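Because the structure is predicted, anything quoted here is derived from the model rather than measured. Per chain, numbering begins at 1; letters A, B, ... match sequence-line order.
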Amino acid sequence: MALSTDESGRLADLLTSRVERVTQRWTEVVAGQLRGRLSQAELLRQVQELHRVLVDTLSKGAVDLTAEEATELRAVLVELSRGQARQGFSATETATGVFALKDALLSVMEDDQSAGTLRDYVVFSALVDQMGLFTFESYVRTRESLIADQAEQLLELSTPVVKLWEGVVAVPLVGTLDSARAQVVMERLLQTLVDTGSPYAIIDITGVPAVDTQVAQHILKTVVAARLMGADCIISGIRPQIAQTIVALGIEFGDIATKASLADALRHVLRLTGVEAGRRQPRREA
Amino acid sequence: MERVPILKIGDILLVSIQVDMSDQTAVALQEDLAERIVATGCHGVIIDITALDIVDSFVGRMLSSIASISRVLDAETVVVGMRPAVAITLVELGLSLNGIRTALNVERGMELIAANRYHDDLDEFLDGPDAEPTASP
Amino acid sequence: MTSGVGLGRPQTQAVGSDEDVVRVRQLVRTVAVAAKLSLVDQTKVVTAASELARNTLVYGGGGSVEVAAVDNGRRPGITIVFADSGPGIADLELALTDGYTTGGGLGLGLSGARRLVDEFDIQTAPGQGTRITITKWSR
């Protein structure tokens, strides 16, 4: 339900002439809800800003929230809900910050019958509803992006590539490997090979609870890509039950070196590099 | 058409591909290299693809041909500097670059060629010139 | 098929020579960067475009490539259309098999390119030319 220009003008007048009463009641309702988690001064500042922008928007003749005149109002609402979402307020608490305006309007109109009719109150409150829903949506969007950011950070944390020895890097894989994570691990490992100039990489899967065909596929692709770049991979930490699964699934590790423990793998690499100095090194063919 | 320059450093020919090659340029490089191997008598070829942001099946096939041709001419080819993103893409594309030896960078590539020449010479000396070089483990 | 909404005007590159294939690669790279694709995804889509543009040239006798940035509402991406009015493909299933080739290549062009992108659509018939549409979304 959109306001008429006449109605929006009247609402602006109402809000301006009873500014004290409106902001006071508005602040009271919100403060009751938040129970002191936001300082009085901060709360007052928020309410006053919202009040100012709302009056501004209405005097420009905006008839609803999607109107072009309401751009600044929308921006302030987005900013408000973004701040609340980041500070850990709930969706209800955030939306109440806007819906409390209805209480304020009602009390003003009840005190003074000349301030407006019932019809005015209904159309005004429809606008407040719009604002509340918009706030709620912005809140959800902010939370979603927060969650996405955290998931990404978790991904970064969970895939360290460490330099184990001169020319040897290792990736200790911990936890379930899904497609997205496997891809990150793969890219990180290959980039580290380039950055450190290491011709050997050990992929340790001690911390991987289960290996299925997809996980094996990802590991195999990493090994093949590393070979294309001129580096060799050794897979270590294969537990007995994983070895059984690998065989049962018919996964072929081909000529890829596999070792029981990280220590065995490192010993294997050191032997290879030791051989490199004296005797002919193994031919690396991509 | 652009031509990729071929540098001679000691016993090695170094090709550093710096341009986004058209197919013609790739074919020309293959021909030029064969000629230079014969003309210089070099025993090693290093192809540096650090600057290449993609390797498609055509360039992949060219690299394989160069490796095979130089092997016939008694020179060893090492492809160095493949970027991670390129390697991942090649695996997905299904291109395995069979028979091509690779190294992380030019330095490692030179070590690889030097080590193999040294051992080949040693084998020839120990086993006599007719002996086949034994396959490594 | 792509359900995305077009962003900006698609850019067209005629394919009539070797150098045009290089130009297609450069154009695809520019748009892929603008669509915020990761480095690996850029590399994949440029490689796929290189394979398909070469097919347009070699098998289709030349044609055109249209590159556009798209957005499906959730993420940006890039859509590329390769069109030629060549002889078309008689047995599509066979042409999409790894290692099958009629041109002396490795037979990885079509099948490999399909693995490198998120969406792959091909319309062809003998004598009707070939039209391939590929899309890669940013992750």
Query - Check: C:Leu37 main-chain N/O paired with C:Gln42 side-chain donor or acceptor under 3.5 Å - result: yes
Query - Side chain B:Asp56, main chain C:Ser50, donor-acceptor under 3.5 Å - result: no
Query - Part of C:Arg29 lying under 4.5 Å from any heavy atom of chain B - result: side chain
Query raised in the report: In terms of heavy-atom proximity below 4.5 Å to chain B, should C:Val21 be classed as side chain, backbone, both, or neither?
Result: neither
Query raised in the report: Can B:Thr89 and C:Thr47 be counted as having a side-chain donor-acceptor contact under 3.5 angstrom?
Result: no
Report task. Give a yes or no on whether C:Arg131 atom CZ has more than 12 heavy-atom contacts from other residues, nucleotides or ligands under 6.0 Å away. Result -> no
Report task. Find the one option among B:Asp53, B:Leu90, B:Val55, B:Ile88 whose heavy-atom pairs under 4.5 Å with chain C are most numerous. Result -> B:Asp53
